[in-house]
Structure formats: structure tokens, C-alpha cells
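Below is one structure; the comments refer to it alone.
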Amino acid sequence: MATMTSLIGLINKIQRACTVLGDHGGEGMSLWEALPTVAVVGGQSSGKSSVLESVVGRDFLPRGSGIVTRRPLVLQLHKTDDGQQEYAEFLHASRKRFTDFAAVRQEISDETDRITGKTKAISNVPIQLSIYSPNVVNLTLIDLPGLTKVAVEGQSDTIVQDIENMVRSYVEKPNCIILAISPANQDIATSDAIKIAREVDPSGERTFGVVTKLDLMDKGTNAVEVLEGRQYRLKHPWVGIVNRSQADINKNVDMIVARKKEREYFETSPEYGHLAHKMGAEYLAKLLSEHLEYVIRMKIPSIISLINKAIDELNAELDRIGRPIAVDSGAKLYTILQMCRAFDKVFKEHLDGGRPGGDRIYGVFDHQLPAALKKLPFNRHLSLKNVEKVVMEADGYQPHLIAPEQGYRRLIEGSIGYFKGPAEASVDAVHLILKELVRKSIAATEELKRFPTLQADIAAAANDALERFREESRRTVTRMVDMESGYLTVEFFRKMHLEPEKNADQKNPNRSNPNPPVDSYTDNHLSKIGSNVNGYINMVLDTLKNSIPKAVVHCQVREAKRSLLNHFYVQVGKREV
């Protein structure tokens, strides 16, 4: 029983949360609809408010003639330990605790007027009230405006239908328990509450009948046939209630005293004495609580399923809008670092292939760089005219003796210089790709979406780091080209020089001396020089075509993966100290 009581209390809290979060249901049944509640239905002046006050044991509802309840009142009762002070809380004033129940009554009136104005209009916007007391059972009750048949002065012509529609919107829910209030001095066949309950719950499985004002019936009449279920049968027993008299209300008779007088009335009544153990507000509260326990037991699997679904949806929504940020500097720093790591993870996924974009870097090395190298103007640089010009200028006033070595060196150095353009272009192309991946990674990092300033700071820090990596990469590839110019591979030329002699010796073994080297600037000689230089440049091209990508990856891509935000971390740490 204790476990079930705790569960009912949990259900009340969930219902309160549903109201706070505005759970109106999406596809299928909403969590609010799945949780059992008790709707108090009756005509105006049928005694609905008195029944609620009797169940609660407190005088807290507004009173008056005509329509008093003009907004639904969602009343959640929470049983507390004996000896604890009773108090009430409103959802719209959650930070205020009411211990004076006269102030609760005034707050209900003021909150009603806040929406409807000081008129007789109604509103379907509920008032949420929670009462904590050792004298109640865990229960959720909804006090609805009283059903009426005629619009009075100051009410709209549609008020009758409007109230009925509002009542139906609650009692039509399959998990709503209907507490149908009917005054004893009115024919049960004309009861507004029974009429609407019969329409929405024809089997009567969800309906509890309550007969009020038994003490006000004409002499010689009674409601025994109704209470015994002979006049109108329900699945659940009828319960009789004796409300406080107007004199008791005027004298502010305590509800505990009123309950005692009610018990005495039934126990001493010749008509109802045999039903006394099943009459009164205390029995009604117990009956509803026991039935609520039964409904919850039957609905536990579906309720748990809907609760888990609601939790998942709320967690997803919380992830979307962001979780709370702690106020102390250490927690803030930790949160910033967590978001930076989330960004870094997305960025690395782009580079490593988990997300698109990293393949474009390979495209630079596989397509852009070879195409740029292929377009270098070696044909123009090694034309006969330019070869002759460079060789002659290199010789100066003394022509070369054996081979134009200085001319070779100048032609090679000039040709190798052209490699700097494609090398630096590769560096810049990879830099632009990395910058774009930073932008995409920031946009794709969910944790950063609600922090535009942090997004901008991370973007600035990442781009600054990429700029440093680019400069280092540019220096590295430039050095690689300069190294090719600074020290030539002499074996290439020695091997090239020995090859003709070897071929000549094979053709004429008896030859004593090789052909003397050609010493004049003939076309054949210049062409040979150009061809030799071109062969060496092709060798260098093959080397740089493989080493430039390695240098770019080492200096830019690898460093971006390893230390893109390292400088930012240092700056943030200094700021938070």
C-alpha cells in the first residue's frame, strides 16, 4: 500500500510536470491523457465545491450565487506525514507557499479574474493548485464549471454549449474518472452530471455517483433508492454527502468538525443508518483513492511506456535547447572544453572520412598539383634560344672548356624555381579546405548552437591556428624546392656522361680515344643540353610530386588534427583563472 501511495504521489508530480511543460499530446495518447484523474461534474449549485472541500478538509474555494467556477481547477492532493503543516502552492506562483486557506480562496478568485475579467465569462485555461496535508489522500481532482441550461445577464449566448464542451473535453478521455454530483432534492433523471456521464461512459465503468444535500430533502422523502443503486445503477457504489449548512459556513465551522457532524448524521439517520459505513466525504476520498490505485495497477505498463517516451522527448528537447550551465568558473571552463572537444571530434571526422570534406585534400594532391606541374613553362625555358642565351651568359668572357657546367646549373636552378608556384598553391588550397571544414564543423556541433559568441571565438582561434600552420607549410615546401637547387644530384649527370662512352666502346672496341667533346654552340649541342636538363628536372618533379603532399599533410593537416585549439585552450585558461 505504501508503495502504491508513493506511486500515486509520483503520478501527481508527473501530471504537474505535464501542465508546466504544456503536454497537449502529439500523435497518439499524451502522457497527461494516460494518467488517471478525477473530474468533478455537476450542475451549478449542485454542491461540487462543497464536496471538494469536504474531501480536502479545508474551506478554500470561492463561493457565491450563479457561476462561481469559471476556469477548470486542477487540484492535486499530496499526503504528507502526520504533524506536518498544511500548505498550498499555485503553479502560476510556484515560489509562494500559502498556509492561510482564505488567501488560497482569494488567489483563485484573482487568478480567475486575470483571465476572464470581472465578468461571468469562462475560460478553458486551468488553474493548477497543489495542497499538501496529512489529512488528504494522494489524488488529482479537476473542478469544472457547473453545467447550466440558460445563459443569464452578462453571459454570452453560447455559454451553455461552451461549458458543456469544456466538460466533455475532460470526461471523454478514457482515463478520466467521472465524479457525477447530483443534489438529492432534484430528480436523478434530470441530473446534468448523470446525463453527460451516461453519454461519454455508457457502461458506467468510469462513473462514481455522488448525492449531495441529503439533509435538505422534503420531509417524508429520501434518496435510499438512488444510493442503493435501484433507481439508476452504476458499476461503482453511490455515495451520499451532507454538506455544511450556510449557517456553518457563516460561522466558519472547521471542516474536521463538519466531517464529524456528517458521520453523526448518517449513523443516527433512520433512512441511511444501514449505509452509514459507505457514506460521507471521508469514505468518498478513500473510495476514489482505492479505485485510482486499481486503475494505476492496470495501466502501469502503458504509463511507464509513456513516461519513458516523454522522458526521451524531453531529453531530446533539452539537448536541442541546451542544458543548464553552472555559474562557477571551474564548471564554465569544463563546459567550454567539453564543447570544444565536441567540435574537435566533428572536425576530425571530416578529415578522417567519417564526414565529407577530407577527400578534397587528396584531390589537391592527386589532381590539382600534377596539373599545375604539367603546365610549368619548361618548353620555353629549355628552348634552343634560351639555352644558348643562358649558357653564353654563364660562360662570361671565357668559354667553357669541356662542358658548360655553369650553364647547366643556371638552367636547372631556373627550372626548379618554377616548382615554388605549384607548391605554394597546394599549401593555399589545403588551407582553404581546412577553413571550410572548420566552418562546417562548428555548424554541425549541436553543443555550440546556442552559444554564437563561443562559435565565433572558436572559429577565430581555429583560423588563426590554420594561418600559422599554412605559414610553416609554405616555408617547408619552399625549403624543399630550394634544397633541390642548392645541391644537385651529380650521379645523374655522371651516369648520363658515361652512357655514350659505354655505347661507343661496345660498337668499336679498338677505339683508343672517345670522340672529342663538341665545343661549339650548334643546335645539336644546345638541344642536348636542354634534353639533359629536362631529364634532371623530370627527376626532381617526380621527387617533389611525392614530397610536397607529405610536407603539406605534416605541417597543416596533421597539426590541425593535433593542436587546432591548443592556443585557444591556453587563452581560455588564463581568462578563467
Side-chain angles (χ1 to χ4, degrees), residues 1-21 23 31-41 48-49 51-61 72-91 94 97-99 101 104 126-144 170-171 173-179 206-208 210 236-237 239 241 255-256 259 278 280-304 306-307 310:
M1 179 64 72
T3 302
M4 182 53 64
T5 301
S6 300
L7 182 57
I8 296 174
L10 176 61
I11 295 295
N12 282 354
K13 292 177 181 177
I14 295 171
Q15 287 172 327
R16 181 179 177 88
C18 289
T19 305
V20 173
L21 297 169
D23 173 24
L31 181 56
W32 171 262
E33 293 172 333
L35 301 175
T37 55
V38 180
V40 184
V41 182
K48 292 188 298 86
S49 297
V51 170
L52 279 176
E53 289 182 331
S54 296
V55 170
V56 175
R58 279 288 186 174
D59 187 359
F60 68 98
L61 291 173
L73 175 67
V74 179
L75 175 62
Q76 292 185 323
L77 305 181
H78 304 267
K79 185 173 181 61
T80 59
D81 296 334
D82 292 339
Q84 289 192 1
Q85 185 182 25
E86 294 178 297
Y87 65 92
E89 289 180 344
F90 287 93
L91 180 63
S94 56
R97 181 174 289 189
F98 294 80
T99 55
F101 282 81
V104 173
I127 298 173
Q128 178 90 16
L129 172 63
S130 295
I131 294 179
Y132 300 81
S133 169
N135 303 317
V136 300
V137 294
N138 287 307
L139 200 60
T140 297
L141 299 152
I142 304 173
D143 186 21
L144 296 167
Y170 284 89
V171 299
K173 293 181 173 64
N175 290 308
C176 179
I177 300 168
I178 304 169
L179 195 62
R206 296 189 288 118
T207 303
F208 285 79
V210 177
H236 306 287
V239 179
I241 298 289
M255 291 299 300
I256 304 301
R259 283 182 178 179
K278 296 191 295 184
E282 286 182 289
Y283 175 76
L284 176 62
K286 180 182 176 183
L287 182 67
L288 289 174
S289 182
E290 290 176 349
H291 181 70
L292 195 62
E293 289 180 11
Y294 169 77
V295 172
I296 290 173
R297 289 183 190 276
M298 299 298 293
K299 301 284 186 180
I300 279 178
S302 60
I303 290 174
I304 290 176
L306 282 167
I307 288 174

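Sequential numbering from 1 along the given sequence is applied to the chain's residues.
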TODO: Would you indicate whether the side-chain heavy atoms of His291 and Ile177 approach each other to under 4.5 Å?
DONE: yes
Open item on the list: Below 30° counts as parallel, above 60° as perpendicular, anything between as tilted: where do the rings of His78 and Tyr132 land?
Closed with: parallel
- [ ] Return the minimal non-hydrogen interatomic distance between Gly280 and Val239, and the atom names on each side.
- [x] O-CG1, 3.7 Å
- [ ] Could you check if a side-chain atom of Pro134 sits within less than 4.5 angstrom of a side-chain atom of Asp81, using non-hydrogen atoms only?
- [x] no
- [ ] Just do the side-chain contact (heavy atoms from CB on, under 4.5 Å) check on Tyr283 and Ile241 with the steps written out, would you?
- [x] CA-CA 10 Å; Tyr283 175 76; Ile241 298 289; over 6 Å; no
Open item on the list: Do Leu179 and Leu284 have side chains that approach each other closer than 4.5 Å (heavy atoms only, starting at C-beta)?
Closed with: yes
Task: Side-chain heavy-atom pair Leu52, Leu61 within 4.5 angstrom cut-off - done: yes
Open item on the list: When you measure from the side chain of Arg259 to the backbone of Ser54, do you find a donor-acceptor pair of N or O atoms at a distance under 3.5 Å?
Closed with: yes
Task: Leu141 and Thr37, any side-chain heavy atoms less than 4.5 Å apart - done: no
Open item on the list: Minimum heavy-atom separation for Ala88 and Ile131, please, with both atom names.
Closed with: CB-CG1, 4.1 Å
Task: Contact summary for Thr99 and Tyr87, nearest pair of heavy atoms - done: CG2-CB, 4.1 Å
Open item on the list: How long is the straight-line distance from CG of Leu287 back to CZ of Phe208, given to the nearest 0.5 Å?
Closed with: 4.5 Å
Open item on the list: For Ser289 and Asn138: C-alpha separation, side-chain torsions, deciding distance, then whether side-chain contact (heavy atoms from CB on, under 4.5 Å) applies.
Closed with: CA-CA 7 Å; Ser289 182; Asn138 287 307; 5.8 Å; no
Open item on the list: Side chains of Val40 and Val51, heavy atoms from C-beta outward: is any pair under 4.5 Å?
Closed with: no
Task: Non-hydrogen side-chain atoms of Lys79 and Ser133 separated by less than 4.5 Å - done: no
Task: Val55 and Leu77: CA distance, side-chain angles, deciding distance, side-chain contact (heavy atoms from CB on, under 4.5 Å) verdict - done: CA-CA 10 Å; Val55 170; Leu77 305 181; 4.1 Å; yes
TODO: Mind checking the CG-NE2 spacing from Leu288 to His236? Nearest 0.5 Å is all I need.
DONE: 9.5 Å
Task: Separation of Lys48 NZ from Leu73 CG (nearest 0.5 Å) - done: 9.5 Å
Open item on the list: Any donor-acceptor pair under 3.5 Å linking the side-chain atoms of Glu89 with those of Gln128?
Closed with: no
Task: Candidate pair Leu144 and Ile142, rule side-chain contact (heavy atoms from CB on, under 4.5 Å), full reasoning - done: CA-CA 6 Å; Leu144 296 167; Ile142 304 173; 3.8 Å; yes
Task: Distance (rounded to the nearest 0.5 Å) between Met298 CE and Asn175 CG - done: 11.5 Å
Open item on the list: Tell me if the centroids of the rings in Phe90 and Phe98 come within less than 6.0 Å of each other.
Closed with: yes
- [ ] Indicate yes or no: at least one non-hydrogen side-chain atom of Gln76 is less than 4.5 angstrom from one of Leu129.
- [x] no
Open item on the list: Assess the residue pair Glu53 and Arg58 against the criterion (salt bridge (Lys or Arg N to Asp or Glu O under 4.0 Å)); give the C-alpha distance rounded to whole Å, side-chain angles, the decisive distance to 0.1 Å, and a yes or no.
Closed with: CA-CA 5 Å; Glu53 289 182 331; Arg58 279 288 186 174; over 6 Å; no
